[in-house]
Amino acid sequence: MAEEVKSLNFIEHIIEEDLRNGFDQNSLRFRFPPEPNGYLHIGHASSICLNFGLGLEYNAPVNLRFDDTNPAKEEQEFVDAIKKDVSWLGFEWDKECYASDYFQQLYDWAVYLIQSGKAYVDSQTSEEMAAQKGTPTRPGTDSPYRNRSVEENLDLFERMKKGEFESGSHVLRAKIDMNSSNMLMRDPVMYRILHKSHHRTGDTWCIYPMYDWTHGESDYIEQISHSLCTLEFAMHRELYEWFLEQVYDTSQVKPKQREFARRNLSHTVVSKRKLLRLVQEKVVTGWDDPRMPTISGLRRRGYTPESIRKFADTIGIAKRENLIDVSLLEFCAREDLNKTAPRVMAVLDPLKIVITNYPEGKTEYVTAENNPEEENVTYRELPFSKELYIEREDFKEEANRKFFRLKLGGEVRLKNAYIIKAENVIKDADGTILEVHCTYDELSKSGSGTPESMRKVKGTLHWVSIPHAKKAEIRVYDRLFTEAEPDGHEDKDFLEFINPDSLSIVEGYIEPGLVEAAAGERFQFQRIGYFCVDPDSSKENPVFNKTVGLRDSWAKIAEK
RNA sequence: UGGCCUAUGGUGUAAUUGGUAACACAGCUGAUUUUGGUUCAGUCGUUCAAGGUUCGAGUCCUUGUAGGCCAACCA
């Protein structure tokens, strides 16, 4: 077999070039740096797969680092959820790190910067500083405090740390260049006073370092070789490097920041802020609502880690804007589930069938394949009887030749059982069909080997036996938004495009063995789609979530 | 009156670094099928524009055009 030439993404090209230029492969090290202020979503999954994938590819360690520099927003709850999600995706981190572990080192370095005349305490309001900042096309002006003496700065900064000042009264700023074309270089804030206790450091600190000051130095402390982030940080790179330059020791690895485009998924939103709104405004039931593009939502929906990793791998990584069609994600789910999900029968919209020539009160068992994709196919027994449910849409009194299902006078195979023929219908006063009376061919039983059992009939239907079937709550999910890019309208709020039919709850009937299934177990309801047992489920009240429907070429024909 | 980034089929991503533009999804045909599933075969369709360098340009140069990002004591 010819070895497939693996194409590299632009990050891998950069790493390969570094290696060619003499960078030691053993010094390669990556990190995934979430802020614990929300739940991880499919966009993060892409970043996780990138960083941990690189670790696997180059046999390099990958740290999980919580960027926890803002106690106003961050909580332990999110730390726990993030760890769970990363593990569930199937990745192992080398070290579990926290930016807050570096607060002392960061403080010491800040003191060093003050001593070197590279940082100063500013005592203006944020409004005053904003006014001096200028605009992208107009340079800024110096703060009146810019030239405080080193001694005064040191004294003030220490007193900031000791808690002598109110929140917001002073900040520590890097002294760089108020005329820079890069706004971030116009004396960025390094520390702010925040009298707020931190989920890990408690009340030890009341000054907290800003992202730019923290991130690069944390990468340096951990000796991260390649620090990958999203495109909006591209302008931060110059500052990242400036900060690094102040403390860098040439015997150490100097981390390199590179930026990639965040992945956007159609028919949803991928932004923590917007997802938070969906939760707060109760559009969904929580962060793990199966309609959410969060990792926890996808998990509850029935997506497998494999399918998400495959998806991330397939969409790749680049620098241009993108909107990935959700149908690709759905394809990845089906591809994986097709191989692994046991086939079962469930009827979501029941229509009663009575087999008039079948003995009253008789129960017999038919044999069903668990999964035709299995290497060694296994089987189970299913009860069959005179009265059955089939799917309402599988019967029509009259239909054309393209309708391969049951119609009056027509024959159809009941999956794993007999061939039946529809003889007449019973309707109520409104004309709604209550029952379809059929006859069956006793010799046509599946697997019996008779010539009758080998007969080809055009359609095969799934069914359940009414006396044996169990009721189940089936939560049928659809796309959360009707628009491909709900947040792509400048004049309209994304919530205007919520799909009113994103969830419909139906009472269906499942084959009896299914009540034993445990939360998280995934199945294919034959001819319908993939479903998974919800955590709300119990043996008495089974609950299934629809992950994704089967490909439905009939729906396309029916449309025409 | 700025700076940075990006432009390849409908979508996403590649192209051995200047040498036949390909892979996946989506779409469309057909075959197989006791799931209108799966599988298999086939098919449609691509380098933002204009110049330039070169035997040869998606790739290099110039000039445009379009889109994104940058003025939080957020990350």
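Order of the sequence lines fixes the chain letters, A, B, ..., with proteins taken first and strands second; residue numbering starts at 1 for each chain.
In this structure, of G37(B), A75(B), A26(B), it is A75(B) that holds the atom nearest to the side chain of Y211(A). Of the candidates C28(B), G36(B), G12(B), the closest approach to any side-chain atom of K556(A) belongs to C28(B). With distances taken from any side-chain atom of N322(A) to the nucleotides U35(B), G36(B), G12(B), the minimum falls on G12(B). Listed nucleotides U35(B), A75(B), C4(B) differ in distance to M235(A); the shortest reach to its side chain belongs to C4(B). Comparing A26(B), G68(B), U1(B) by their closest approach to the side chain of T137(A) singles out U1(B). The side chain of R551(A) sits closest to A26(B) out of C73(B), A24(B), A26(B). You'll find that the side chain of M183(A) is closest to C70(B), out of G37(B), A75(B), C70(B). Closest approach to the K415(A) side chain among G36(B), U34(B), G67(B) is made by U34(B) (side chain taken as heavy atoms from C-beta onward). Across G37(B), G36(B), C69(B), the shortest atom-to-atom separation from the side chain of N338(A) is found for G37(B).
Under the 3.5 Å distance criterion, with hydrogens and angles disregarded, no donor-acceptor pair is assigned to the side chains of H462(A) and R343(A).
Judged by distance alone with a 3.5 Å cut-off, no donor-acceptor contact links the side chain of E369(A) to the base of U34(B). You won't find any donor-acceptor pair under 3.5 Å spanning the side chain of T460(A) and the base of U35(B), going by distance alone. In this model, no side-chain donor or acceptor of R138(A) finds a partner on the base of G2(B) within 3.5 Å.
Among the atoms of the strands shown, only primed sugar atoms or phosphate atoms (P, OP1, OP2) are found under 4.0 Å from some heavy atom of N9(A). Base engagement by S446(A) is indicated by at least one non-hydrogen atom pair under 4.0 Å involving a base atom. Note on R343(A): a base of the nucleic acid sits closer than 4.0 angstrom, heavy atoms only. Base engagement by H13(A) is indicated by at least one non-hydrogen atom pair under 4.0 Å involving a base atom. Within the 4.0 angstrom heavy-atom criterion, base atoms lie near P372(A). In this structure, E330(A) reaches neither bases nor backbone, as no heavy-atom distance under 4.0 Å exists between it and the strands shown.
Note: CZ (R237(A)) to P (C69(B)) measures 19 Å, nearest angstrom.
The shortest distance between side-chain heavy atoms of L337(A) and Q524(A) does not fall below 4.5 Å.
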Base-pair string, RNA chain B, Watson-Crick plus G-U, cut-off 3.5 Å on both distances, | for inter-strand, is .((((((..((((.....[..)))).(((((.......)))))....(((((..]....))))))))))).....
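A donor-acceptor contact shorter than 3.5 Å is absent between the side chain of D349(A) and the backbone of E391(A). In this structure, the side chain of R186(A) does not engage the main chain of T141(A) through any donor-acceptor pair within 3.5 Å.
A distance of about 13 Å separates the P atoms of G58(B) and G18(B), rounded to the whole Å.
To the nearest 0.5 Å, atoms CZ (R273(A)) and CD (Q280(A)) are separated by 11.0 Å.
Residues E335(A) and I324(A) both approach RNA chain B. Their nearest nucleotides, taken by heavy-atom distance, put I324(A) toward the 5′ side. Toward the 5′ end of RNA chain B lies the nearest nucleotide of R413(A), the other residue of the pair R413(A) and E127(A) mapping further downstream.
In this structure, W554(A) forms an aromatic stack with the base of G36(B), since both conditions hold: centre separation below 5.5 Å and plane angle below 30°.
One finds no salt bridge joining D336(A) and K310(A) here, because no Lys/Arg side-chain nitrogen approaches an Asp/Glu carboxylate oxygen to under 4.0 Å.
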